[in-house]
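Counting convention: from 1, in listed order, for ligands and their atoms alike.
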Amino acid sequence: MSHFDLRDGVLHCEDVPLPAIAAAVGTPVFVYSTMAMRTQAQALRTALAGLDDPLIAYAVKANPNIAVLRTLAREGLGADVVSAGEYDRARAAGIAPDRIVFSGVGKTADEMRRALAGGLAQFNLESFAEAEMLSEVALAMGCTAPVAFRVNPDVDAGSHAKISTGAAHNKFGIPIGDTLAACAALRDLPGLELRGVAMHIGSQLTSLAPLEAAIAKLDALIAALRSQGHAIRTADVGGGLGIRYDPALPPPPSPADYGAMVTRLTRGRDVRLIVEPGRLIVGNAGVLLTEVIRIKPGPRCPFVVVDAAMNDLMRPALYDAWHPIGAVAPDGTEMTADIVGPVCESGDVFAEARRIDRVGAGDLMVIGTAGAYAATMAGTYNSRALTPEVLVDGGAWAIVRPRRTSDAFLADERVPPWLAGDREPDRPT
Ligand SMILES: *Cc1c(COP(=O)(O)O)cnc(C)c1O
C-alpha cells in the first residue's frame with residue numbers, strides 16, 4: 001500500500017498534505033514516509049521468520065539519513081556499510097556493532113581500524129590482498145577480525161549494467177572458483193577469523209532466478225568449505241530485490257516470495273542468514289517534491305521546467321531510470337510533456353514525451369519512488385543548493401536535513417594566498 005495518497009484532491013504523505021511541506025520548507029525537497037519504511041521492514045522480517053535469527057542488514061548507501069537509520073533500527077534492522085562514514089552513521093543511529101556488516105571493494109586501513117575499534121559483525125572481504133591488509137591491522141591492534149569472503153558467483157543479474165555486480169568481469173568479490181584456495185591461505189594470516197561467505201549480485205532485480213542460481217552456488221561452496229574443516233557460520237546473500245517504479249510493468253517479486261525462496265534454500269543449513277536490502281526498504285518511501293518554474297514550448301511537446309534537477313535525482317541521467325511523475329493537486333486533465341530540470345546538461349531530463357497530469361507554472365509536482373539512491377547521490381552541480389529532506393510520521397513531520405545553500409558552500413571555499421587581494425574588475429581602486 002502506498003503512503004502517498006490523494007485526499008480531497010491533494011496528495012498527502014501519510015496525514016500531511018504535501019503543499020504544507022512545500023510552503024514551509026520550499027522546493028525541491030525529499031519527503032519520506034515512516035510507515036512506508038516500517039511496512040517494508042516488517043514484510044521482510046515476516047518473510048524470513050522461518051529462519052533462526054536472520055540479520056537484516058539495511059544497505060545504508062540507499063538512504064543514509066540518520067532519521068531513516070533510526071526508524072529502521074527501531075524495526076530491528078542492522079546495517080550494511082561500505083565506508084567509515086556509513087559505519088559512523090550506523091553507530092550514531094544506535095545500531096549495535098554486532099549488527100553491522102562492512103562491505104566495499106576498497107576498504108582502507110583507516111576504515112578497518114575504525115570498525116575494529118568500534119566492533120562489527122563481520123568484514124566482507126573482496127580480495128586476498130584485502131585480507132592481508134586487515135590481518136596486519138588486526139595484529140597491530142591486538143584483536144581478531146571476523147571476516148567473510150565476498151564471492152563473485154558469475155551470474156547475470158539481468159539488471160542495468162551499472163547496477164549488476166555478480167558477473168565475472170565486475171570488480172566485486174573474488175571468483176567463486178578461487179574461494180577454496182583463498183580460505184585455505186587465510187589460515188596463515190593471523191588476526192582473522194573466517195566466519196562465512198557473502199555475495200551481492202546486483203540491484204533492482206526483477207526476477208528471483210539469478211539470485212536462486214547464485215544462492216545455490218553459495219550453498220555448494222559452504223559444503224565444500226566445511227568439508228575442508230572451515231567452520232562456516234554466516235551466509236550473506238546480499239540485497240538487490242527490485243521494487244516497482246513503473247505501474248505499467250509487472251511488479252517484481254514480493255518480499256514474501258523472496259523470503260520463501262531464501263528460506264527454502266538456506267533453512268537447515270546451520271548458518272545464520274544475512275540479507276542486505278536497500279532499495280526494497282526505502283525506495284517507495286520517498287518522493288521528490290518540486291515546483292513547476294515555467295512551461296516552455298518544444299518541437300514535439302512542451303517542456304515542463306521544474307525546480308528539481310539531475311543533481312537532486314541522478315537516476316534518470318545515470319541509469320535511464322523511469323520514475324513516476326504527477327501533480328500534487330491534479331485537475332483531472334492530462335498533457336504530454338518533457339519534464340526537465342534547470343541544469344545546463346541535455347541529460348537533465350526526468351521524462352520524455354510523458355503523459356502527465358496537466359500542470360502550469362507554480363504548480364507542485366512529485367517525482368515518485370525517490371527514497372533510494374536519490375538524496376544520497378544528490379550534489380550541488382551548477383552551484384545549486386543541496387536539497388533538504390523531510391520525514392513524515394502520521395500527522396507529524398520534521399526537517400531531517402536542512403537545505404544547504406550555495407552561500408554555505410561558498411563560505412567553505414578558500415582563496416589561496418597567491419590569489420588573495422585581487423580587486424573586482426568593476427570596483428577599481
Ligand atoms: C548496494 C548494496 C546492497 C543493496 O542493494 P539494493 O539493491 O539496494 O538492495 C547490498 N549489499 C551490497 C554489498 C551493496 O553494495
Side-chain angles (χ1 to χ4, degrees), residues 37 40-41 43-44 47-48 54-64 68-69 72 77-83 85-87 90 99-107 111 115 120-127 130 147-153 157-167 170-174 196-208 210-211 214-215 218 234-245 252-255 258-259 262 273-286 314-315 318-319 321 369-377:
M37 291 187 254
Q40 288 298 87
L44 188 56
L48 298 174
L55 172 59
I56 303 177
Y58 165 69
V60 171
K61 75 177 191 288
N63 187 325
V68 169
L69 296 183
L72 298 177
L77 270 53
D80 172 57
V81 304
V82 295
S83 70
E86 287 191 353
Y87 178 85
R99 302 181 74 74
I100 300 178
V101 173
F102 205 132
S103 299
V105 76
K107 300 173 205 77
E111 289 179 314
L120 79 167
Q122 67 187 37
F123 289 99
N124 286 351
L125 301 177
E126 300 225 8
S127 63
E130 190 186 4
V147 304
F149 265 123
R150 174 172 175 179
V151 302
N152 185 320
S159 188
H160 188 281
K162 286 187 181 158
I163 50 175
S164 292
T165 53
N170 296 131
K171 71 180 176 183
F172 298 100
I174 62 170
V197 285
M199 65 173 212
H200 170 69
I201 63 168
S203 198
Q204 186 55 15
L205 308 178
T206 52
S207 153
L208 293 180
L211 265 173
I215 293 175
L218 203 69
T234 60
D236 182 341
V237 300
L241 185 58
I243 56 170
R244 194 170 209 178
Y245 284 86
S254 67
Y258 172 80
V262 173
L273 176 79
I274 303 175
V275 291
E276 304 170 345
R279 190 189 310 269
L280 177 70
I281 305 293
V282 292
N284 269 312
M314 280 176 68
R315 299 190 68 261
L318 198 56
Y319 314 126
T369 316
Y373 305 109
T376 179
M377 288 187 179

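Residue contact check: R279 has heavy atoms under 4.0 Å from atoms 6 (P), 8 (O), 9 (O) of ligand 1. Atom numbering of ligand 1 starts at 1 in the shown order; those under 4.0 Å from a heavy atom of D80 are 10 (C), 11 (N), 12 (C), 13 (C). Ligand 1 places these atoms under 4.0 Å from at least one heavy atom of R150: 13 (C). Near G239, meaning under 4.0 Å from any of its heavy atoms, are these atoms of ligand 1: 9 (O), 10 (C).
Residues satisfying the salt bridge (Lys or Arg N to Asp or Glu O under 4.0 Å) criterion with E130, sequence neighbours excluded, are K107. For the ring-ring contact (aromatic ring centres under 6.0 Å, His included) test, no residue two or more places apart in sequence or in another chain qualifies with Y87.
Here the protein heavy atom with the shortest distance to atom 1 (C) of ligand 1 is K61 NZ, 1.2 Å. If you check which protein heavy atom lies closest to atom 8 (O) of ligand 1, you get Y373 OH, 2.6 Å.
Counting heavy atoms closer than 4.0 Å to ligand 1, residue N124 contributes nothing at all. Contact annotation: for E276 versus ligand 1, heavy atoms closer than 4.0 Å belong to both the backbone and the side chain. Contacts between S203 and ligand 1, counted as non-hydrogen atom pairs separated by less than 4.0 Å, involve both the backbone and the side chain.
The N/O atoms of A62, backbone and side chain alike, include none that comes under 3.5 Å of an N/O atom in ligand 1.
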